[in-house]
Amino acid sequence: MSTATTATPVYRSPPGLLHTILLAGSVPLFLGALLSDIAYHNTYQIQWSNFASWLLAGAELFAGLALLGALIGLVRSPRKGGQPLTYFLLLLVTWVLGLVNAFQHAKDAWAVMPAGLVLSVIVTILILVTAWIGLQPRAGGVQ
């Protein structure tokens with residue numbers, strides 16, 4: 001029988017189940033808004049802009065609740081720096097830019113482009129990176 005030891009054991013302290021669902025739920029909503037913006041850019045059918053607006057509203061709700069959970073996790077964390085802080089700040093930037101994007105989509109449908117599409121691309125990339133960082137195991141020694 002062999003035993004393996006690691007120099008830096010992984011201490012898994014993931015977000016809770018509800019927090020994970022909210023964070024993971026915001027990813028397809030932001031992605032759907034991006035795809036709706038692409039469809040609107042290609043067809044100029046106003047309904048695609050309406051779809052993007054509603055998807056952004058849902059994504060902002062999910063990301064906002066995940067942001068609240070990340071803030072609670074950051075306050076309760078024994079170490080305030082490192083990955084929990086990076087995750088919280090990325091989620092905060094994603095939420096703020098998503099709110100700006102929602103305000104952009106609240107304009108007349110013809111005024112949405114091209115800023116709405118650019119913001120949707122940026123926010124989608126940010127939420128993907130945020131979800132990647134927020135849901136990966138945390139490594140480190142005794143804390």
Side-chain angles (χ1 to χ4, degrees), residues 4-143:
T5 58
T6 59
T8 58
V10 174
Y11 293 93
R12 182 105 172 124
S13 58
L17 181 62
L18 179 62
H19 184 99
T20 303
I21 290 170
L22 292 170
L23 179 62
S26 64
V27 174
L29 291 170
F30 278 122
L31 180 62
L34 172 64
L35 294 175
S36 294
D37 280 342
I38 291 171
Y40 178 65
H41 179 60
N42 290 335
T43 63
Y44 289 106
Q45 298 220 356
I46 295 173
Q47 193 61 34
W48 289 115
S49 178
N50 294 337
F51 287 157
S53 295
W54 281 104
L55 288 168
L56 283 171
E60 282 294 296
L61 176 67
F62 276 46
L65 292 173
L67 182 64
L68 181 64
L71 178 63
I72 292 169
L74 183 64
V75 169
R76 294 178 65 200
S77 175
R79 286 183 44 208
K80 303 296 183 217
Q83 193 173 4
L85 181 62
T86 304
Y87 166 65
F88 173 75
L89 291 176
L90 272 174
L91 192 55
L92 179 64
V93 168
T94 303
W95 188 83
V96 168
L97 285 178
L99 186 63
V100 171
N101 195 11
F103 289 153
Q104 178 68 29
H105 280 80
K107 294 180 180 178
D108 183 62
W110 293 103
V112 171
M113 289 296 148
L117 180 60
V118 171
L119 283 169
S120 289
V121 169
I122 293 170
V123 170
T124 301
I125 291 170
L126 276 173
I127 195 65
L128 288 171
V129 170
T130 303
W132 182 268
I133 289 174
L135 297 177
Q136 72 181 1
R138 291 165 176 83
V142 176
Q143 298 178 1

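- Here the side chains of Leu34 and Leu117 are in contact, with some heavy-atom distance below 4.5 Å.
- Note: Leu91 CG to Ile127 CD1 = 5.5 Å, rounded to the nearest 0.5 Å.
- Rounded to the nearest 0.5 angstrom, Thr94 OG1 and Phe30 CZ are separated by 7.0 Å.
- Between Gln104 and the options Leu119, Leu99, Leu56, a side chain to side chain contact (heavy atoms under 4.5 Å, CB included) holds for only Leu119.
- The minimum heavy-atom distance linking Ala131 with Val27 is given by the pair CB-CG2, 3.9 Å.
- Taken from CD1 in Ile72 to CG in Leu67, the straight-line distance is 10.0 Å, to the nearest 0.5 Å.
- Note that OG of Ser26 is 8.5 Å distant from CZ of Phe62, once rounded to the nearest 0.5 Å.
- Trp48 is listed as a side-chain neighbour of Thr43, based on a closest heavy-atom distance under 4.5 Å.
- Within the 4.5 Å cutoff, no side-chain heavy atoms of Leu92 are placed close to those of Leu71.
- Side chain of Tyr40 to backbone of Ala109: a donor-acceptor contact under 3.5 angstrom is found.
- The aromatic ring centres of His19 and Tyr87 sit less than 6.0 Å apart.
- Looking at every heavy atom in both residues, Val112 comes nearest to Ser49 through CG2-OG, 3.8 Å.
- Scanning both residues, Ser36 and Leu55, for their nearest heavy atoms gives OG-CD1, 3.7 Å.
- Under the 3.5 Å distance criterion, the side-chain polar atoms of Trp95 are matched with a main-chain donor or acceptor of Glu60.
- Side-chain atoms of Phe88 and Val75, non-hydrogen and from C-beta on, never get closer than 4.5 Å to each other.
- Distance CG/Leu89 to CD1/Ile133: 10.5 Å, rounded to 0.5 Å.
- Residues His105 and Asn101 have side chains that bring a donor and an acceptor to within less than 3.5 angstrom of each other.
- Scanning all heavy atoms of the two residues, the minimum distance from Ser120 to Ala33 falls at OG-O, 4.3 Å.
- Evaluated for a side chain to side chain contact (heavy atoms under 4.5 Å, CB included) with Val93, the options Val96, Leu90, Leu97 yield exactly one hit, Leu97.
- Note that CG of Leu31 and CD1 of Ile125 are 11.0 Å apart. Values are rounded to the nearest 0.5 Å.
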